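This report concerns only the one structure given below.
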Amino acid sequence: MYLEYFDLQQAPFSITPDPEFVYLSQKHQESLAHLIYGVTRGGGAGFVQLTGEVGTGKTTISRLFLQKLPTDTQAALILNPNITPVELLENIFNEFKLSTRGMKGKLNAMVEKLNQHLLQWWAEGKNTLVIIDEAQNIPRDTLEQLRLLTNLETDQQKLLQIILIGQPELKQLMQRKDLRQLAQRITSRFHLQPLSKAETQQYIHHRIAVSGGKQDLISSNAIKQIYQQTQGVPRLINILCDRALLVAFATESPSVKLKHAKQAIKEVYPDQKPKQLKYWAMVMTPFLLLLFGWLWHAFDKPSPQTLSKPVSSVKVTTEANNTASPTLELPSPAVSWQRLLALWGEPSSVVWNHNECPQIQLIGMACLRRQGNLTQLKQQNVPVLLLLDNGELALLKGLKDHQLILNTTKGDQAFLTSNIDQRWFGHYFILWPMAVELIDDTISNATSSWALKMAQVIDNNPNIQAADLTEWIIAFQQANGLLADGIIGKETQMALSLNAYQGPKLVE
């Protein structure tokens with residue numbers, strides 16, 4: 001509608017993954033390099049995993065990757081992975097243009113036939129790979145079949161390589177204990193981050209240039225506003241820029257200005273106000289940062305509580321003549337949160353500087369503030385953040401005899417448990433993988449289905465039925481010190497996830 005008005009040759013902000021418009025930020029270049037490396041290392045990669053939030057450009061990267069494949073490589077692209085093992089093999093046969101005559105529905109026969117073709121292609125010097133998009137939706141049985149397909153190999157290399165592309169839930173899926181054999185075969189992992197503010201500007205200018213438009217078609221202030229709203233997610237950038245051009249066209253403006261971007265946000269997000277920095281905040285931020293730094297050094301010294309000396313520097317003992325000891329020096333809450341998330345494999349770009357649980361949408365995991373004792377923490381056997389008396393957060397990474405392993409500004413250090421009682425009153429924050437079914441925080445059929453899967457994983461028994469679930473949950477709650485009421489509440493969800501997923505453990 002607005003192409004002729006702005007003298008554009010084609011629509012610059014279509015949301016379809018058109019390789020002609022590809023803008024490779026440093027993050028996208030790294031993700032593409034990971035994929036290429038995974039399939040050009042002599043077939044030894046097995047599984048390659050690429051994850052990213054919705055709209056960050058995973059599908060575009062996969063299309064570009066297909067274009068850059070070596071001529072001796074052939075690929076099968078699976079777009080709908082929510083299929084059975086038999087349907088998976090049928091899809092692979094269709095992609096490779098292999099006949100299923102006489103084998104349709106016969107899994108073993110198709111695997112044997114595929115193995116014959118893989119051996120033939122290998123003898124011809126060809127690499128073969130399967131790319132699966134939206135891989136977070138792959139059923140458990142189909143994932144197991146994928147793992148078995150990677151068993152097809154010669155003495156020198158794998159005959160089939162598999163690339164899994166999916167949303168962050170894929171990372172959580174691979175932490176399940178019943179999938180650890182598959183997870184161990186993933187030799188290359190990369191998580192695609194949104195664009196930075198500078199990259200967002202370059203991205204918009206690039207797409208306008210490809211369409212034949214002028215570089216100042218969208219003003220810098222409008223771009224800043226679009227970045228604030230989208231936080232650098234390319235798909236959202238495309239949607240807002242397209243609408244902003246339409247708004248500018250409707251008002252007969254020669255370019256997109258800040259007011260047009262704000263109007264576009266109102267139309268695309270009618271229930272939200274535009275995200276923007278107040279003028280006073282932009283002016284005062286540098287001053288406030290300097291003031292904060294001065295106050296930090298002047299007043300934010302740890303209280304002179306008696307904590308034990310690190311075992312790395314002195315011998316840990318409880319003798320009376322060793323009561324004098326240095327204070328516990330902890331990093332900022334933001335750093336402690338980042339280090340805890342890093343133990344779960346979450347990106348370090350998350351910034352959270354509060355003594356409360358962050359939102360699921362921010363960290364991609366569930367969080368709960370609990371109160372307990374060291375015995376309970378040892379039973380849970382996962383790292384947690386201890387909330388100390390002055391609001392500091394101490395990352396607990398291990399429990400050993402009468403010592404705590406805490407992450408400090410000097411690294412991981414051991415402290416006597418008897419002395420930490422003076423500053424810790426039992427409050428702590430704990431994280432666990434959050435299933436998509438549970439995000440709405442309601443007790444529903446979806447929650448029951450998820451809990452049944454967890455029960456089957458924990459007991460390694462796929463024969464547990466829905467009718468047995470309540471009785472199983474009650475027994476599980478009793479074994480884990482929970483209220484044995486059979487209700488799958490947040491505490492029970494946490495315990496189920498921590499038992500079913502392969503996450504970080506406390507050092508002993």
Side-chain angles (χ1 to χ4, degrees), residues 49-56 58 135-137 164 166-180 183 186 189-194 231 233 331 333-370 372 376-377 380-387 393-397 407 427-443 446-447 450-451 453-454 457-458 480 482 488-506:
Q49 177 180 297
L50 172 64
T51 55
E53 286 291 350
V54 176
T56 50
K58 302 185 299 296
Q136 75 280 353
N137 297 323
L164 301 176
Q167 297 172 19
E169 291 82 6
L170 177 61
K171 293 196 300 181
Q172 297 180 8
L173 181 65
M174 290 303 161
Q175 290 174 344
R176 279 175 41 172
K177 291 180 180 177
D178 60 329
L179 295 177
R180 60 187 180 277
I186 299 177
R189 294 176 173 87
F190 189 83
H191 186 75
L192 187 59
Q193 299 283 358
Q231 292 299 296
V233 176
V335 172
S336 294
W337 277 110
Q338 285 184 338
R339 291 177 178 174
L340 176 59
L341 287 166
L343 294 177
W344 283 96
E346 293 299 319
S348 60
S349 59
V350 174
V351 178
W352 186 253
N353 196 33
H354 306 284
N355 293 337
E356 60 186 36
C357 279
Q359 296 179 346
I360 296 172
Q361 292 80 358
L362 178 64
I363 63 173
M365 300 188 69
C367 174
L368 188 65
R369 174 173 171 168
R370 303 188 77 198
Q376 292 173 331
L377 294 183
Q380 288 172 177
N381 195 26
V382 292
V384 298
L385 289 179
L386 305 180
L387 179 60
L393 295 176
L395 174 55
L396 175 67
K397 298 184 70 174
N407 181 258
H427 294 282
Y428 64 94
F429 296 99
I430 185 170
L431 301 178
W432 69 92
M434 177 55 120
V436 176
E437 304 96 305
L438 311 183
I439 288 180
D440 59 2
D441 199 27
T442 59
I443 307 302
T447 306
W450 171 83
K453 294 178 184 177
M454 296 298 98
V457 170
I458 293 170
N480 286 269
L482 303 171
I488 311 169
K490 201 163 188 178
E491 296 265 354
T492 300
Q493 293 172 17
M494 175 199 69
L496 287 170
S497 288
L498 293 179
N499 277 272
Y501 286 87
Q502 191 72 28
K505 304 300 181 186
L506 290 175

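What you see is a predicted model; the values in this text were computed from it and never measured. Note that these values count all heavy atoms, side chains included, but never hydrogens, waters or copies made by symmetry.
Residues Pro331 and Arg339 are in side-chain contact: their nearest non-hydrogen atoms beyond the backbone lie under 4.5 Å apart. Annotation: side chain of Arg369 is in contact with side chain of His427 (closest heavy-atom distance under 4.5 Å). Counting only heavy atoms from C-beta outward, the side chains of Cys357 and Trp352 never approach each other to under 4.5 Å. Annotation: side chain of Val233 is not in contact with side chain of Glu53 (no heavy-atom distance under 4.5 Å).
Applying the side chain to side chain contact (heavy atoms under 4.5 Å, CB included) rule to Gln167 yields the partners Val54, Lys58, Glu134, Gln136, Glu169; only residues at least two apart in sequence or on another chain are considered.
Side chain of Lys171 to main chain of Gly345: a donor-acceptor pair is present (N/O by atom type, distance under 3.5 Å, no hydrogens or angles). Looking at Asn353, its side chain does come within 3.5 Å of a backbone N or O of Ala334 through a donor-acceptor pair. When atom types are taken as modelled, the side chain of Gln493 and the backbone of Ile488 share a donor-acceptor pair closer than 3.5 angstrom. The backbone N or O of Ile458 lies less than 3.5 Å from no partner atom in the side chain of Lys177, so there is not a single donor-acceptor pair. In terms of modelled atom types and a separation under 3.5 Å, the side chain of Trp337 and the main chain of His354 share a donor-acceptor contact.
Of the options Leu393, Leu377, Leu396, Leu368, a side chain to side chain contact (heavy atoms under 4.5 Å, CB included) to Tyr428 is made by Leu377 and by none of the others.
For CD of Gln359, the number of neighbouring non-hydrogen atoms (other residues, nucleotides, ligands) closer than 6.0 Å is 12 at most.
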